[in-house]
Participant: 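I am attaching a structure below and will ask some questions about it afterwards.
Only this structure's heavy atoms are used, side chains among them; waters, hydrogens and symmetry mates stay out.
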Protein chains: 2
Amino acid sequence: MKQRSTRQRRLVLDAVRARCDHPSADQIYTDVRAVDDKISRGTVYRNLNVLEQTGEILHVKLPVTDRYEVRADRHDHLICSRCHTVCDVPIPYDGAMDERAIEETGYLVFRHRLVFEGLCPDCRKKIEKADLHVE
Amino acid sequence: MKQRSTRQRRLVLDAVRARCDHPSADQIYTDVRAVDDKISRGTVYRNLNVLEQTGEILHVKLPVTDRYEVRADRHDHLICSRCHTVCDVPIPYDGAMDERAIEETGYLVFRHRLVFEGLCPDCRKKIEKADLHVE
DNA sequence: ATGGGTGCAAAGTGTTTGCAAGTAT
DNA sequence: ATACTTGCAAACACTTTGCACCCAT
């Protein structure tokens, strides 16, 4: 079972690459759909899965919705609890934590995923002004 | 809008408390159903949400399925990529990471969620023997 | 009594899949 | 030619909701 390079697959990959805001599957569908109004949801989902398998993109599991991004080094994420904007955190991936988890649990640990939750500068201002309800 | 204490709500809370393996919503439904075969799925979901709001239980977002557990201190989780068993990691919550994320990003960070991925001792053995396909 | 809670079934989400036709290799 | 891919629609899994009735306060 070898992967082929199809127009649709390239469109999906391009769409993920074109965004730097960790789009959801649905956002990618919308973007791709703007270029090719025949492509189906099933195809987009199928290709996101294939591209994740091949390591060309990263599937980021987050509260609220899953997101995708172009593969890079392992890194952590930060999501705004109010507007759900996601950004990468420029702190190096800490492999020592994995070692520690191995020692403490006896599991064979491959990796970890670290997600910070907070408020982005914009929402922070809005909250301070309006004392709105969050989370 | 003040919460009431109903039989169904207590059953749901008891079911979460009775388990120490991070049950999914459906597992809780099954457990509660064993005690009261009239309770509906909607009620279980509604109560899980209420109990999460009030802080009586914790909603843990994980790859594959969401899980619930009785609230405790903030702590990290470890999930087996093969059998999806979840366990708590006895490493103290590292607040310093939140500080660092604040410095690096300008977000107001409340907390983080840290999930390790690996193989539990059981699956590890099985994999080593059979060289099965994982992830 | 009154407003939150319940059971039920229907409706939502978000994602996967069976199928026949299409296409990259 | 072969078998991976596609579009479509139906199917899924999981969760939420509208409604009329019920019950904790």
Side-chain angles (χ1 to χ4, degrees), chain A residues 1-16 19 22-69 79 84 86 135, chain B residues 1-16 19 22-69 79 83-84 86 133 135:
Chain A
M1 146 154 173
K2 195 145 150 288
Q3 322 290 354
R4 289 179 188 174
S5 168
T6 64
R7 194 175 45 80
Q8 291 88 337
R9 185 158 300 157
R10 270 166 297 177
L11 285 176
V12 170
L13 181 53
D14 289 347
V16 178
R19 282 184 165 262
H22 303 78
S24 66
D26 192 64
Q27 286 173 312
I28 293 162
Y29 171 69
T30 306
D31 288 358
V32 172
R33 193 77 186 191
V35 180
D36 172 358
D37 67 350
K38 286 287 182 305
I39 200 168
S40 72
R41 263 205 166 72
T43 297
V44 171
Y45 277 102
R46 268 186 295 232
N47 278 317
L48 285 173
N49 286 337
V50 170
L51 293 168
E52 192 205 349
Q53 290 291 322
T54 61
E56 286 167 279
I57 64 172
L58 206 59
H59 182 177
V60 190
K61 286 240 156 212
L62 295 178
V64 187
T65 355
D66 289 4
R67 308 299 187 90
Y68 293 87
E69 72 177 315
I79 184 167
H84 307 146
V86 175
E135 187 157 6
Chain B
M1 140 144 174
K2 195 145 151 290
Q3 322 290 355
R4 291 179 187 176
S5 168
T6 64
R7 194 174 47 80
Q8 290 88 337
R9 185 157 300 158
R10 270 166 303 188
L11 285 177
V12 170
L13 181 53
D14 289 348
V16 179
R19 282 187 166 261
H22 304 78
S24 65
D26 192 64
Q27 287 173 311
I28 293 162
Y29 170 69
T30 306
D31 288 358
V32 172
R33 193 76 187 192
V35 180
D36 173 358
D37 66 350
K38 287 287 183 303
I39 200 168
S40 72
R41 265 204 166 72
T43 297
V44 171
Y45 277 102
R46 270 186 294 234
N47 279 317
L48 285 173
N49 286 336
V50 170
L51 292 168
E52 192 204 349
Q53 290 292 325
T54 61
E56 285 167 279
I57 64 172
L58 207 58
H59 182 175
V60 190
K61 284 241 160 214
L62 295 179
V64 187
T65 356
D66 290 4
R67 309 300 187 89
Y68 293 87
E69 72 177 314
I79 184 167
C83 68
H84 307 144
V86 175
H133 214 61
E135 186 154 8

Participant: Are OP1 or OP2 of D/dC23 and a side-chain N or O of B/Gln8 less than 4.0 angstrom apart?
Facilitator: no

Participant: Nearest whole Å is fine: how far is C/dG4 P from B/Leu51 CG?
Facilitator: 17 Å

Participant: Using whole Å, report how far CG of A/Leu11 lies from P of C/dT23.
Facilitator: 15 Å

Participant: With a 4.5 Å cut-off on side-chain heavy atoms, are A/Thr54 and A/Gln3 touching?
Facilitator: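 Answer yes - side chains close enough.
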
Participant: Please check if the side chain of B/Arg33 supplies one atom and the backbone of B/Asp37 the other of a donor-acceptor pair under 3.5 Å.
Facilitator: yes

Participant: With DNA chain D as reference, determine whether A/Ile39 or B/Asp26 sits nearer its 5' end, using the nearest nucleotide of each.
Facilitator: A/Ile39

Participant: Between C/dA24, D/dG7, C/dT15, which nucleotide has the shortest distance from any of its atoms to the side chain of A/Ala25?
Facilitator: C/dT15

Participant: How many Å lie between CZ on A/Arg7 and C1' on D/dC4, as a whole number?
Facilitator: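 Going from A/Arg7 (CZ) to D/dC4 (C1'), I get 16 Å.
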
Participant: Could you tell me whether the side chain of B/Arg4 has a donor or acceptor atom within less than 3.5 Å of a complementary atom in the base of C/dG3?
Facilitator: yes

Participant: Report yes if some heavy atom in the side chain of B/Thr43 is under 4.5 Å from a heavy atom in the side chain of B/Val12; otherwise report no.
Facilitator: no

Participant: Can you check the A/Lys38 NZ to D/dC8 P distance for me, whole Å?
Facilitator: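 Going from NZ in A/Lys38 over to P in D/dC8 covers 7 Å.
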
Participant: Answer with yes or no whether B/Arg46 presents, from its side chain, a donor or acceptor under 3.5 Å of a partner atom in the base of C/dG7.
Facilitator: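 Yes, a donor-acceptor pair under 3.5 Å.
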
Participant: Taking the side chain of A/Asn47 as its heavy atoms from C-beta onward, which of D/dT6, D/dT16, C/dT16 lies nearest to it?
Facilitator: D/dT6

Participant: Starting at CZ of B/Arg9 and ending at P of D/dT25, how long is that distance when rounded to a whole Å?
Facilitator: 10 Å

Participant: Tell me whether the OP1 or OP2 atom of C/dT16 has a side-chain N or O from A/Tyr45 closer than 4.0 Å.
Facilitator: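 A/Tyr45 to C/dT16 OP1/OP2: no side-chain N or O under 4.0 Å.
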
Participant: Nearest whole Å is fine: how far is C/dT2 P from B/Lys2 NZ?
Facilitator: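 Those two atoms, NZ and P, are 18 Å apart.
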
Participant: Which whole-number value in Å describes the distance from A/Asp37 CG to D/dG7 C1'?
Facilitator: 12 Å

Participant: Pick from A/Arg9, A/Arg10, A/Gln8: which one makes a side-chain hydrogen bond (donor to acceptor under 3.5 Å, both in side chains) with A/Asn47?
Facilitator: A/Arg9

Participant: Is B/Thr43 near enough to C/dG7 that one of its side-chain N or O atoms lies under 4.0 angstrom from OP1 or OP2?
Facilitator: yes

Participant: Does a nitrogen or oxygen in the side chain of A/Ser24 sit under 4.0 Å from OP1 or OP2 of C/dG14?
Facilitator: no

Participant: In whole angstrom, what separates A/Glu52's CD from C/dT15's P?
Facilitator: 12 Å

Participant: Hey, does B/Asp26 have a side-chain heavy atom less than 4.5 Å from the side chain of B/Arg41?
Facilitator: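 A side-chain contact under 4.5 Å exists here.
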
Participant: Are any of A/Gln3's side-chain N or O atoms less than 4.0 Å away from OP1 or OP2 of C/dT25?
Facilitator: no

Participant: Nearest to the side chain of A/Arg41, which nucleotide is it out of C/dT6, D/dT5, C/dT15?
Facilitator: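 Looking only at side-chain atoms, A/Arg41 lies closest to C/dT15.
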
Participant: Does B/Asn49 put a side-chain nitrogen or oxygen below 4.0 Å from OP1 or OP2 of D/dT16?
Facilitator: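 For B/Asn49, the contact criterion (side-chain N or O under 4.0 Å from OP1 or OP2 of D/dT16) is met.
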
Participant: Mapping B/Ser5 and B/Gly42 onto DNA chain D by nearest heavy atom, which one lands closer to the 5' end?
Facilitator: B/Gly42

Participant: Is any side-chain heavy atom of B/His22 less than 4.5 Å from a side-chain heavy atom of B/Ile79?
Facilitator: no

